[in-house]
Asks: 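First, the structure itself, so that you have it in front of you.
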Amino acid sequence: MSTPESQSPGQAPGENTTQQIPAGTRDTDRPQNINGAAPEPRAATRDADRPRIGGDVTLETLRALGARAVVGLPGQHALGLFDALRRSDLHYLSSRVENNAGFMADGLARVSGSAAPLLLSTGPGALTSLAALQEAAASSIPVLAISAQIPVAGLGGGRHGYLHELPDQSASFRGVVKSTFTVRTLAQIPSALTAAWELALEAPAGPTMVEIPEDILLADAADLVPPVRAIAPQVRAHAPRPELVEAAADALAGAHNPVVLAGGGVVRAGARDELRAVAEALQAPVVTTFGGKNAFDWAHPLSARSWLEDIAVTEFLEAADVLLVVGSGLGETSSNYHTFAPGGRVIHIEADLGKVTSNHAGLGIHADAKLALGALTTALGTREITSRSVREERVRGRIDGLLDTVLARLDAQDLGAERALIDALRRAVPDHVNTYWDMTILAYWAWSAWDPRGGEFASAQGSGGLGYGFPAAIGAAFGHRVDGSDAPVLAVSGDGGALYGIAELATLKQHNLNVTWLIIDDGGYGILREYMTGAFGAATATELARPDYVALAEAFGIPAELVQPENLAGAIEVALAAPGPRVIVVPTVLGLFAPTHLDRLA
């Protein structure tokens, strides 16, 4: 449950609710463990004449909480924090732009299964991360933003004229993150970071923010804070109330046509097995949201996949006499743009209290998906389930009929090139490779058409901002390197979104990560072109001058090639099988399938 937005900078999270580098030193000379094979743990080192400072306490706390890697970039007020990195065994991923660093932390958090620390400077550095933190909030990704601040004496909005000074920096974050806290003494650092870490992981997971003034980061900690030992985070789990589980089990057991809609909350809770158990007990079809594509195996006989933007799927969900919605708030993209109108009873399991039955009335269960589905499975085991044997005989036929309707609608449109491209990409990407998608037409296709096959599918559809796919993939690949697997990942961008993260080609090369970046070059903001042409008959401000992406990648020393759509599969297979980074550019203009919900908006 989100912390109320009325927190003051002095409240603890959860209430209410580097040495400067000498001139001429190369960045790669620093002990960052960024090149070649998986990094080996390195012992912390300390110059005999260097005191232990607040920056050390900060990183010690992160390490004590279980962090193995951090993402960020230095700034003037954060130098004490980055000086401490030299003495820490934390692995450091160095970004070039703070917003991209935030997306990298998102990718790192996804593969680590824990909170990802994001190290920021003050003022413009911190504020530049906000769009990425909004995406983390919308998609429930645990990112712990640690921002420097001006000295303690300058806090409080007194307009002292410090560089990067804001009257209340944390106020800019309160509408985005779950909590904020301003450290004012050395002794507060371990507790503040621990509380923020725990709250970031508490369902619904999301970003938190702690800001630490420059003088606290630089202060001698020797006599004030002993070295931080291992910390066991206490993350509260939201268990369902028994009477709600009993009522849900009664309704589902008595249903003649139960259907399940599973969202990203199932994935984040690690509740795939529990979801499958409930679906199989009921013999109920399972539709997944775009964010919940990994929640249910597409090869399972009960899978109705995720074509949520087709009206046939909307009607399929509406026809349920009992609809179990789990891990989704039924927001715009999960409800066919709020045209969904359930015809039967809704049972809504959701960890974010603010989302429980907020869009559709029903039996609301505020709980983690894993705990709620586990309890529901137990309760269903004590009940006779109406019409189960009948459904077991016909459910696959109903699902096949639904998917046939969707595919027939696509067959009636001139979409052969688009379908061939997404199918070729799916064939070329190994089953367990994670994919990270920007807001581009190919991603809109993937929301519905991509079978994740065991690899994580992540896109920016939580908040819908451009620039997510490439830096998120970098963060994920870095996480794989830290865990020793060095597994490859795929990023997919359009040419417009690619420009948001283009500076991170430097990061990709510096760390030599196993990222293949696919850029679909259609000469502009393709999805906006599509929308504007459909709505107004012509597009405005969507056409873009752009660089030669192949030449640009090669200028960074990254192998790159321009391939035609029919050759994409082979190029992707080679790129993902080779170590290190690759860039593949495909020049093509794609269209989107026709909307089917417009009559409901009339």
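Reckoned from all heavy atoms, side chains included, excluding hydrogens, waters and symmetry mates. Remember, predicted model here, so these are calculated numbers, not experimental data.
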Asks: Quick one: are Tyr162 and Glu214 in side-chain contact, heavy atoms under 4.5 Å?
Replies: no
Asks: Between Arg268 and Asp368, is the closest basic N to carboxylate O distance under 4.0 Å?
Replies: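 No, Asp368 and Arg268 are not salt-bridged.
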Asks: If the test is side-chain contact (heavy atoms from CB on, under 4.5 Å), which one of Leu120, Leu130, Leu133 qualifies with Glu98?
Replies: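 Exactly one candidate clears the test, Leu120.
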Asks: Quick one, Val429 and Thr435 - any side-chain contact, counting heavy atoms below 4.5 Å?
Replies: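 A side-chain contact exists here, since the closest heavy-atom pair is under 4.5 Å.
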Asks: Tell me the closest heavy-atom pair linking Leu85 and Leu59, and the distance in Å.
Replies: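 Closest approach of Leu85 to Leu59, heavy atoms only: N-CD1, 3.4 Å.
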Asks: Rounded to the nearest 0.5 Å, what separates atom CG in Leu79 from atom CG in Leu217?
Replies: 9.5 Å
Asks: Is the shortest side-chain heavy-atom distance between Glu202 and Gln234 below 4.5 Å?
Replies: no
Asks: Are any side-chain N or O atoms of Ser191 and backbone N or O atoms of Gln188, one a donor and one an acceptor, separated by less than 3.5 Å?
Replies: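 Checking the backbone N and O of Gln188 against the side chain of Ser191, no donor-acceptor pair under 3.5 Å is found.
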Asks: For Thr516 and Arg582, which I'm curious about, is there any donor-acceptor pair between the side chains at under 3.5 Å?
Replies: no
Asks: Any donor-acceptor pair under 3.5 Å linking the side chain of Ser358 with the backbone of Lys355?
Replies: yes
Asks: Taking the six-membered ring of Phe457, is NZ or CZ of Lys293 closer than 6.0 Å to its centre and within 45° of its axis?
Replies: yes
Asks: Work out which heavy atom in Ala472 is nearest to a heavy atom in Tyr436; give both atom names and the distance.
Replies: CB-CD2, 4.1 Å
Asks: Ignoring hydrogens, what is the shortest heavy-atom contact between Ala136 and Val143? Give both atom names and the distance.
Replies: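 Looking at all heavy atoms of both residues, the shortest contact is CB-CG2, 4.1 Å.
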Asks: I need the Leu166 CG to Leu127 CG distance, nearest 0.5 Å.
Replies: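 Rounded to the nearest 0.5 Å, the CG-CG separation comes to 5.5 Å.
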Asks: Given Thr122, which of Gln76, His164, Glu211, His77 fulfils the side-chain hydrogen bond (donor to acceptor under 3.5 Å, both in side chains) condition?
Replies: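 Result for side-chain hydrogen bond (donor to acceptor under 3.5 Å, both in side chains) with Thr122: His77.
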Asks: Would you please test Val210 and Val183 for side chain to side chain contact (heavy atoms under 4.5 Å, CB included) and show each step?
Replies: CA-CA 7 Å; Val210 173; Val183 168; 3.8 Å; yes
Asks: Are Glu504 and Arg96 within salt-bridge range, i.e. N to O under 4.0 Å?
Replies: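 No.
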Asks: Would a distance-only check, ignoring hydrogens and angles, find a side-chain to backbone donor-acceptor pair under 3.5 Å from Arg110 to Glu456?
Replies: no
Asks: If every non-hydrogen atom of Gly54 is compared with every non-hydrogen atom of Ile189, which pair is closest and at what distance?
Replies: O-CD1, 3.8 Å
Asks: To the nearest 0.5 Å, what is the distance between CZ on Phe173 and CE on Met209?
Replies: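 So the gap between those two atoms works out to 4.0 Å.
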Asks: Is there a side-chain contact between Phe296 and Leu275, using heavy atoms and a 4.5 Å cut-off?
Replies: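 They are in side-chain contact.
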Asks: In terms of ring plane angle, is the pair His238 and His366 parallel, tilted or perpendicular, where the classes change at 30° and 60°?
Replies: tilted
Asks: Do the side chain of Asp438 and the main chain of Leu466 share a donor and acceptor less than 3.5 angstrom apart?
Replies: no
Asks: Do the side-chain N and O atoms of Tyr468 and Asp106 include a donor-acceptor pair separated by under 3.5 angstrom?
Replies: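 Result is yes, a qualifying pair exists.
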Asks: What class does the angle between the rings of Phe478 and His91 fall in, given that below 30° is parallel, 30 to 60° is tilted and above 60° is perpendicular?
Replies: perpendicular
Asks: Consider only side-chain N and O atoms of Thr194 and Glu198, and report whether a donor and an acceptor are under 3.5 Å apart.
Replies: no
Asks: Could you check whether atom CG of Asp223 has more than 12 heavy atoms from other residues, nucleotides or ligands sitting under 6.0 Å from it?
Replies: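 Counting other residues, nucleotides and ligands, CG of Asp223 stays at 12 neighbours or fewer.
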Asks: Quick one, Leu93 and Thr507 - any side-chain contact, counting heavy atoms below 4.5 Å?
Replies: yes
Asks: How long is the span from the CG atom in Leu576 to the CG atom in Leu490, to the nearest 0.5 Å?
Replies: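 Leu576 CG to Leu490 CG: 6.0 Å, rounded to 0.5 Å.
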Asks: Does Arg63 pair with Asp89 as a salt bridge, N-O distance under 4.0 Å?
Replies: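 Result for this pair is yes, salt bridge flagged.
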Asks: Between OG1 of Thr208 and CG of Leu199, what distance do you get to the nearest 0.5 Å?
Replies: 6.5 Å
Asks: Please determine which of Ile502, Thr128, Leu73 meets the side-chain contact (heavy atoms from CB on, under 4.5 Å) test together with Val97.
Replies: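 The option that passes is Thr128.
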Asks: Residues in side chain to side chain donor-acceptor pair (under 3.5 Å) with Ser114, at least two apart?
Replies: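 Ser114: no side chain to side chain donor-acceptor pair (under 3.5 Å) contacts found.
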Asks: Test your reading of the model: is there a side-chain donor-acceptor pair from Ser95 to the backbone of Gly72, 3.5 Å cut-off?
Replies: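 Such a contact is absent between Ser95 side chain and Gly72 backbone.
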Asks: Please check: side-chain N/O of Glu165 versus main-chain N/O of His160, any donor-acceptor pairing under 3.5 Å?
Replies: yes
Asks: Hey, does Pro207 have a side-chain heavy atom less than 4.5 Å from the side chain of Leu144?
Replies: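 Of all side-chain heavy-atom pairs linking Pro207 with Leu144, none is under 4.5 Å.
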Asks: Under 3.5 Å, is there a donor-acceptor pair between the side chain of Asn99 and the main chain of Ala132?
Replies: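 Such a contact is found between Asn99 side chain and Ala132 backbone.
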Asks: Taking atom types as modelled and ignoring hydrogens, do the side chains of Gln149 and Arg184 form a donor-acceptor contact shorter than 3.5 angstrom?
Replies: no
Asks: What I want to find out is whether Lys370 reaches Glu274 closely enough, with some N-O distance under 4.0 Å, to be called a salt bridge.
Replies: yes
Asks: Is the shortest side-chain heavy-atom distance between Trp517 and Leu508 below 4.5 Å?
Replies: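 The answer is no, as the side chains (C-beta and beyond) never meet within the 4.5 Å cut-off.
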Asks: Is the backbone of Leu90 close enough, under 3.5 Å, to the side chain of Ser88 for a donor and an acceptor to pair up by distance?
Replies: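 Confirmed, Ser88 side chain pairs with Leu90 backbone.
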Asks: Do the side-chain N and O atoms of Thr58 and Asp56 include a donor-acceptor pair separated by under 3.5 angstrom?
Replies: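 There is no such pair between these side chains.
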Asks: Can you measure from CD (Gln461) to OG (Ser139) and round to the nearest 0.5 angstrom?
Replies: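 So the CD of Gln461 and the OG of Ser139 are separated by 6.0 Å.
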Asks: Between Asn514 and Gly580 (side chain of the first, backbone of the second, donor and acceptor by atom type, cut-off under 3.5 Å), is there such a pair?
Replies: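 Yes, Asn514 side chain to Gly580 backbone: donor-acceptor pair under 3.5 Å.
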Asks: How about His348 and Ser328: does a side-chain donor come under 3.5 Å of a side-chain acceptor?
Replies: no
Asks: Using a 3.5 Å distance criterion without hydrogens, assess whether the side chain of Arg68 forms a donor-acceptor pair with backbone atoms of Val482.
Replies: yes
Asks: How far apart are the C-alpha atoms of Ile212 and Leu81, what are their side-chain angles, what is the distance that settles it, and do they pass the side chain to side chain contact (heavy atoms under 4.5 Å, CB included) test?
Replies: CA-CA 9 Å; Ile212 308 176; Leu81 186 56; over 6 Å; no
Asks: Which atom pair, heavy atoms only, marks the closest approach of Thr357 to Gly364?
Replies: CG2-CA, 3.7 Å
Asks: Applying salt bridge (Lys or Arg N to Asp or Glu O under 4.0 Å), which residue pairs with at least one partner in residues 144-155 are found, sequence neighbours left out?
Replies: none
Asks: Do Trp197 and Pro142 make a side-chain contact, defined as non-hydrogen atoms from C-beta onward lying under 4.5 Å apart?
Replies: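 Answer no - side chains too far apart.
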Asks: Take Ile365 and Arg241 through the test side chain to side chain contact (heavy atoms under 4.5 Å, CB included) and record every step on the way to the result.
Replies: CA-CA 8 Å; Ile365 303 177; Arg241 300 208 317 269; over 6 Å; no
Asks: Passes side chain to side chain contact (heavy atoms under 4.5 Å, CB included), Arg52 versus Arg87? Steps please.
Replies: CA-CA 9 Å; Arg52 178 170 163 272; Arg87 297 182 292 277; over 6 Å; no
Asks: If you look at every heavy atom in Leu108 and Val71, which pair is closest and at what distance?
Replies: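 Residues Leu108 and Val71, closest heavy atoms: CD2-CG2, 3.8 Å.
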